[in-house]
Amino acid sequence: MTSLSTKSIVFHKLIRNVNNYAKRMSSHFIYYPDKERPVDGETTKMNMMQAINNAMDITLKNNPTAVLFGEDVAFGGVFRCALGLQEKYGKDRVFNTPLCEQGIAGFGIGLATAGATAIAEIQFADYIFPAFDQIVNEAAKARYRSGGEYDSGALTVRAPCSAVGHGGLYHSQSPEAFFAHVPGLRVVVPRGPIAAKGLLLACIRERDPCVFLEPKILYRSAAEEVPVEDYTLPLGKAQTLRVGAAATLVGWGTQVHVLLEVADMARDKLGVSCDVIDLQSILPWDEETVCNSVKKTGRCLISHEAPLTSGFGAELAATVQEECFLHLEAPIARVTGWDAPFPHVFEPFYLPDKWRCYQALIQLINY
Amino acid sequence: MSKLIPSAAKFLAGNTITKVTAPVVATNAKYSTKKEATFEIKPYKLHKLDQGPATSATLTSEDALKLYEQLTILRRIETASGNLYKEKIIRGFCHLYSGQEAVAVGMRAAMRDADSVITAYRCHGWTYLMGVSVLGVLSELTGRRTGCSRGKGGSMHLYGRNFYGGNGIVGAQVPLGAGVAFAHKYRADGGVTFALYGDGAANQGQLFEAYNMSKLWDLPCVFVCENNGYGMGTSVDRSSASTEYYTRGDYVPGVWVDGMDVLATREAARFAIEYCNAGKGPLVMEMETYRYSGHSMSDPGTSYRTRDEVQEVRQTRDPITSFKEKILNHELVTPDQLKDIDAKVRKEVDEATKQSKTEPEVGIEELSADIYYKNLEPFVRGIHPAAPLKHLEVQPRNH
């Protein structure tokens, strides 16, 4: 009996340890699935990887000029977003490239300029910097510098971005602000499967080159009932996910889910309601939705994973203060990653988690 | 695969060695009976070179033991890393070197104190060979304070004296290597830089920029392409228009080396050092080798090649077993001596593994340490005033 109870204590300890361990390693947010469907009709449960796969499948099926390429995409790519597409559409339309990001981007620009619909995958957004020159100097300015004769608008560059729990320095960064400084580009970050499918299809069809950044932690952890049929969501439009009065919370990608939880906490603990806005399009961004919301609430909290200084939150804050100055009841709050390289062992302390956002919200309300 | 199998066959065919010189009878049966032996090396292929590395290598019994110990310790470090990753104690990314040990060990044996190395993410073995302890390597991977980068770099970001690191960005280390080589030349310290990259990185544009600068300025830089057959999941034939990597410097002379033979890599590195020290400028070396595991831990390594292929290389070309056979057959060492080394290495790596699990992490205050040489403000921006993070200088500055 004694030995049995000792065993059971040991067992419970073990379970507790395992649970604590799992908790420490689990992600820093709760996923809020989308309930609203952008179109009527049949739906299937898809995670974000499958939704992106589905968007590319639809594109390859209906658009004979579409091609998909990148490092290891033949077997689906490291996150398997292209799974099965080579078998379905052939090696001349879905193919591997060598490991050469600058080449991939340049090749995609040439291809798009010559009339193909080019979908280029950069394996991690952290590896996009060798391609930065091509995207910034070639893709973004093609239409402008040719007086409208040429453009590379049929190019979409997809890249997995943001924190994943253990990515460290070069598998965790959120580079949206770098690209937000480039007139001629569109930069889009989806928050889940339904948004990802509609926004990716919109990017592919858009006549401007698009950088589509996919928060990699959502590939498998985010699942929703996604409409099976073809649909797009408007680019340059933010989406208001919650309506409230006390403050406006603005984010994109994974951070939207952190903010949704913070809005819940504010409702439960403070008895106040907040507007929660998913910006979706970083460039060009939806000033109207954000500023109208801030004019209504008088308080604005912006949150992103990328570092504070020159993060895209800085641009939002500057515009909001200019447009909503007389409506503001408190200084605009930014809750972001620190001005430090993305740390490996310190990831949980680096991310702008719900506690940090909640704390900032309390201050914002009590200002 | 089509490239690897014939070469494996060639290796087998050409593996009938050698002549033994200066047999010396030892008195104790525990020790080897011969002091040294000479081995033929599989022919090098040369590009724009009249003369290549020595085609035979003399090996003393002492060196044989040392090389064997280094080969086995590298293998054990990777086995331990793989296990720690599976136990989720190593988080993030982890790229194993198993199968490629002869490249690093042979090159290191030829290198002098003044020479330097820079490589990519398959860097655990190199870090050890450049003087970091097994614990320093494993603790870095587990993110602990005793790691060679204080646990702040993790996999891919390991550094040591004259070892300018692993690198997480494919190909990024190669132009850095050219810069390090320029520093050797500028300081006239006689050092040579070995800049290593894989067959996958061989297609990155910045390599060709680095070749050009190095040749233009005759830098003492050896570009070493470790061709393990696959860039992530893509075989060399499917990624490279020319798989003759030793010729891809065009105007930079090149050597192809059997990267599974530790003596071949040693002689090749020796040759390269002499070549560069003679002021002839850079060299490209292709070391043909093989990796047993997948590209990283998330790649099982079986979707783009067969298990049989991996098995065949293990059985016919393994850098450790083939070397072991050689030195035993030539009586340079005794089985007992090797067993002793095996036991010693096992103990050292096991102990370091254990310790790398229990060491503490650095404190949270180091989240904001060593970002700038000198900080404009004492605190990191973006932090809540009630819980500030101070800019720390953990590494001493030369103010």
Side-chain angles (χ1 to χ4, degrees), chain A residues 21-22 24-25 71-79 91 95-103 106 123-124 126-127 129-131 133-134 164-172 307-309 311 313 333-341 343-350 352 355-356 359-360 363, chain B residues 88 90-93 121 142-144 147 149-157 167-172 198-207 231-235 238-241 295-296 298-299 303-304 361-364 366-372 380-384 386-387 389 391:
Chain A
Y21 184 71
R24 189 174 91 77
M25 296 308 180
E71 293 161 14
D72 281 341
V73 300
F75 70 74
V78 286
F79 291 105
K91 290 181 174 171
F95 49 91
N96 282 347
T97 62
L99 310 189
C100 49
E101 290 77 13
Q102 190 175 14
Q123 195 164 66
F124 283 89
D126 312 66
Y127 306 168
F129 299 109
D133 174 60
Q134 284 287 349
V164 69
H166 51 262
L169 289 153
Y170 298 128
H171 296 84
S172 310
L308 175 83
T309 300
R334 286 184 288 161
V335 187
T336 69
W338 315 132
D339 279 1
H344 180 222
V345 285
F346 300 128
E347 178 170 327
F349 305 104
Y350 177 84
W355 300 112
R356 281 173 56 196
Q359 173 69 20
Q363 285 195 318
Chain B
K88 297 197 170 186
I90 294 178
R91 302 288 297 177
F93 295 81
Y121 35 77
T142 58
R144 310 303 164 119
S149 307
R150 304 183 60 75
K152 287 180 71 179
S155 160
M156 313 192 281
H157 313 119
N167 194 302
I169 304 295
V170 172
D199 49 282
N203 299 315
Q204 283 275 352
Q206 50 189 330
L207 263 83
M232 297 192 289
T234 305
S235 69
R238 289 188 288 128
S239 73
S240 299
H295 162 73
S296 69
S298 50
D299 166 23
S303 57
Y304 48 85
E361 293 165 356
V362 289
I364 181 69
E366 285 204 29
L367 195 162
S368 49
D370 296 332
I371 300 175
Y372 288 105
V380 170
R381 287 183 180 166
I383 314 277
H384 190 264
L389 271 175
H391 274 297

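Residue numbers begin at 1 in each chain, while the letters A, B, ... track the order of the sequences. Computed from a prediction, not measured in an experiment: that's the story for all the values here. Computed from heavy atoms alone, side chains included, the values below leave out hydrogens, waters and symmetry copies.
- Highest contact tally toward chain A, considering only His391(B), His295(B), Arg144(B), Gln204(B), is held by Gln204(B) [criterion: heavy-atom pairs under 4.5 Å].
- Looking at Glu347(A), neither its backbone nor its side chain comes within 4.5 Å of chain B, counting heavy atoms on both sides.
- Note that the OG atom of Ser368(B) and the CZ atom of Phe349(A) stand 12.5 Å from one another [nearest 0.5 Å].
- For the atom pair CG of Leu99(A) and OG1 of Thr234(B), the computed distance is 7.0 Å after rounding to the nearest 0.5 Å.
- In terms of heavy-atom pairs under 4.5 Å with chain A, the best-connected choice from Glu366(B), His157(B), Lys152(B), Arg238(B) is His157(B).
- Among all heavy-atom pairs drawn from Pro98(A) and Ser239(B), the shortest one is CG-O, 3.3 Å.
- Here the straight-line distance linking atom CG of Leu389(B) with atom CH2 of Trp338(A) works out to 6.5 Å at 0.5 Å rounding.
- Side-chain atoms of Asn203(B) never come within 3.5 Å of backbone atoms of Cys100(A) as a donor-acceptor pair (strictly under, hydrogens ignored).
- Using a 4.5 Å heavy-atom threshold, the side chains of Met156(B) and His171(A) count as touching.
- With rounding to the nearest 0.5 angstrom, the OH atom of Tyr170(A) is 14.0 Å from the OH atom of Tyr121(B).
- Interface remark: of the candidates Ile169(B), Ile364(B), Ile371(B), Asp299(B), Ile364(B) forms the most heavy-atom pairs closer than 4.5 Å to chain A.
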